[in-house]
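What follows is a set of notes on a single structure, which appears directly below.
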2 protein chains.
Amino acid sequence: MAAQIDNPGRNNPSEDEVLRQIEQAVLDHRLPPGTKLKEVQLANLFGVKRGLIRKVLTRLAHSRLVDQTPNRGARVAQPSVKEGQDLFATRRVIESAILETLIARVDDKTVRQLRKLLGSEQRAYQRGDSELALALSVDFHRQLAALAGNSVLEEYLNDIIRRTPLVILTHLGDDEQNRCRNQEHAAIIDAIEQRNVKNAIKIMNQHLMHIESKIRDKPKAPQADLETLLRPAAERAPA
Amino acid sequence: MAAQIDNPGRNNPSEDEVLRQIEQAVLDHRLPPGTKLKEVQLANLFGVKRGLIRKVLTRLAHSRLVDQTPNRGARVAQPSVKEGQDLFATRRVIESAILETLIARVDDKTVRQLRKLLGSEQRAYQRGDSELALALSVDFHRQLAALAGNSVLEEYLNDIIRRTPLVILTHLGDDEQNRCRNQEHAAIIDAIEQRNVKNAIKIMNQHLMHIESKIRDKPKAPQADLETLLRPAAERAPA
DNA sequence: TCATAAAATATTGTTAACAATTTTATTATC
DNA sequence: GATAATAAAATTGTTAACAATATTTTATGA
């Protein structure tokens with residue numbers, strides 16, 4: 001776990017700063033779901049007292065990024081398939097509302113801002129800098145929410161953005177196929193520029209569905225019956 | 001403040017229980033926005049140690065129900081007008097999505113459940129039991145979310161429900177005019193029964209707009225200029 | 001009597017110590 | 001060598017004491 005947290009022991013970080021760094025480590029896929037978060041270790045890593053870490057873990061648990069079990073400590077959360085599906089479905093609702101709100105108030109400066117961000121994202125992809133590309137693609141969604149100007153929608157979207165990697169990594173793994181498709185960001189900006197709400201929402205939904213549709217219960221391996229289990233090993237079919 | 005918290009010193013409540021009781025006091029309009037939440041007092045009231053209260057306050061602050069200022073303690077939050085407007089606008093988005101999801105899966109048993117709840121609510125109104133009526137009208141919305149079956153939407157609606165009284169009490173006061181209109185709950189159930197998504201959403205939006213439209217910046221009193229302020233008192237116009 | 005400064009009290013923030021529980025390592029037994 | 005029991009170590013949970021800060025009360029001077 002130590003390698004996945006920034007080298008933070010330098011300057012006595014605040015509670016908020018520690019919170020942010022752990023969140024960022026989740027977002028960057030550096031802290032996989034299920035990772036045990038030990039208080040003393042974190043306190044040493046960040047150069048803070050254990051009490052501060054306990055506060056941070058409380059907050060992270062309250063946000064569902066972390067599962068806290070009494071006497072067993074904290075782990076990075078592992079959402080169920082159902083929760084993953086619910087999260088993505090809700091994400092479609094929130095992102096659509098953001099687009100609608102944004103388009104009702106958009107101006108040319110806003111569009112230029114978005115295109116500039118898209119440009120950075122595209123260059124990062126071209127350079128093969130996948131860490132930066134990931135960060136910028138996340139920023140794209142954040143920026144839409146910030147520009148829409150509804151602080152509650154923004155808050156919920158940021159919450160969803162923080163939780164999305166947990167779903168993806170838990171159920172699909174860390175594969176570039178499961179990230180934002182960059183060209184869809186461009187198409188969304190085009191639709192925004194054209195003030196075309198319907199089209200923007202349509203593309204956004206496709207954008208999200210390409211990941212969402214893969215989140216489902218995997219077929220369970222057929223359960224061997226008791227008779228099969230009790231047969232001598234030589235007579236069993238290969239597993 | 002003591003009178004507004006349940007008599008909780010009896011049985012060593014858990015952290016979650018203390019959290020719930022404070023949330024409920026906000027929801028019941030017993031804890032007005034701006035109320036100072038003193039740690040030692042709360043600890044004595046609930047019969048717990050101060051450390052537990054600090055954890056609860058951290059969680060409440062993280063949920064924006066409470067404002068925590070360093071060295072000055074915690075107060076029940078007082079959302080701005082803008083935040084109130086954003087919250088209601090977001091509520092319309094979330095409630096609409098819940099209705100849509102619910103109607104896609106509704107059966108007769110669900111409709112009966114909702115009608116039963118509505119009946120209790122109507123009887124409370126008729127008896128003039130306004131505390132119970134308030135609680136049941138809140139439960140109506142909660143129930144819609146629970147029955148829709150998307151846990152993330154449910155979570156966000158519950159968050160919104162907890163924060164809504166803060167907006168109303170801060171900006172409109174504790175007036176029965178600013179509560180749910182009971183007949184609109186009935187009309188929403190009718191639309192659900194008819195699987196009429198469009199109509200259900202329309203009524204829900206009207207339901208929320210009757211409060212939302214009152215949340216706005218009040219015109220500021222004209223600011224007296226310096227000349228007026230420096231005139232002898234006898235020559236000043238009445239305030 | 002009013003305004004200001006000083007003192008006292010209350011409240012919030014932090015900490016290390018200790019208790020309780022869980023996990024890991026070691027030892028004993030078959 | 002495998003398993004169970006025991007011991008040791010690690011981790012989480014709780015607490016009271018103390019530090020730091022804010023608020024309230026009291027004293028003093030004009």
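A, B, ... follow the sequence lines: proteins, then strands. Residue 1 opens every chain.
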Checklist entry - Under 3.5 Å, is there a donor-acceptor pair between the side chain of B:His210 and the main chain of B:His207? => result yes

Item to check | Nucleotide D:dA16, atom P - distance to CG of B:Asn44 in whole Å | outcome: 12 Å

Item to check | B:Leu37 CG - C:dT11 P separation (whole Å) | outcome: 13 Å

Item to check | Residue A:Pro70, side-chain heavy atoms: nucleotide from D:dG13, C:dT14, D:dA22 that is nearest | outcome: D:dG13

Next on the checklist: Can you identify which nucleotide, out of C:dT22, C:dG13, C:dC18, has its nearest atom closest to the B:Arg50 side chain?
Outcome noted: C:dG13

Checklist outcome for this item: Testing D:dG13, C:dT14, D:dT23 for proximity to the side chain of B:Arg72, the answer is D:dT23

Checklist entry - Separation of A:Asn71 atom CG from C:dT21 atom C1', in whole Å? => result 5 Å

Checklist entry - Under 4.0 Å: is that the gap between some side-chain N or O of A:Lys38 and OP1 or OP2 of D:dT11? => result yes

Item to check | Phosphate OP1/OP2 of D:dT12: any A:Arg54 side-chain N/O under 4.0 Å | outcome: no

Checklist entry - Expressed in angstrom and rounded to an integer, what is the separation of B:Leu52 atom CG from C:dT12 atom C1'? => result 16 Å

Checklist entry - Reckon B:Gly51 touches a base, only the sugar-phosphate, or nothing at all at heavy-atom distances under 4.0 Å? => result nothing

Checklist entry - Between C:dT14, D:dT11, C:dC18, which one does the side chain of A:Lys36 approach most closely? => result D:dT11

Item to check | Closest approach of B:Leu166 to B:Arg64 (non-hydrogen atoms, all atoms of both residues) | outcome: CD1-O, 4.2 Å

Checklist outcome for this item: What residues 55-67 of chain A contributes to the DNA chain D interface at heavy-atom separation below 4.0 Å is none

Next on the checklist: What is the separation between atom CD1 on B:Ile53 and atom P on C:dT12, rounded to the nearest whole Å?
Outcome noted: 11 Å

Checklist entry - Who passes salt bridge (charged side-chain N to carboxylate O under 4.0 Å, His left out) against A:Glu121, sequence neighbours left out? => result none

Next on the checklist: Between P on D:dA10 and CG on A:Leu42, what's the gap in Å once rounded to a whole number?
Outcome noted: 17 Å

Checklist entry - So, the side chain of B:Asn150 versus the backbone of B:Val152: is there a donor-acceptor pair under 3.5 Å, distance only? => result yes

Checklist entry - How many Å lie between CD on B:Gln41 and P on C:dT11, as a whole number? => result 7 Å

Next on the checklist: The criterion is salt bridge (charged side-chain N to carboxylate O under 4.0 Å, His left out); which residues satisfy it with B:Arg20, sequence neighbours excluded?
Outcome noted: B:Glu17

Checklist entry - From the list C:dT12, D:dT14, C:dT22, which nucleotide is the closest neighbour of the side chain of B:Glu39? => result C:dT12

Next on the checklist: Given 3.5 Å as the limit, does a donor-acceptor pair link the side chain of B:Ser137 with the main chain of B:Leu134, or not?
Outcome noted: yes

Item to check | Side chains of A:Asp86 and B:Ser151, donor plus acceptor under 3.5 Å | outcome: yes

Checklist outcome for this item: Against the side chain of A:Lys49, the closest entry in D:dA17, C:dA16, D:dT14 is C:dA16

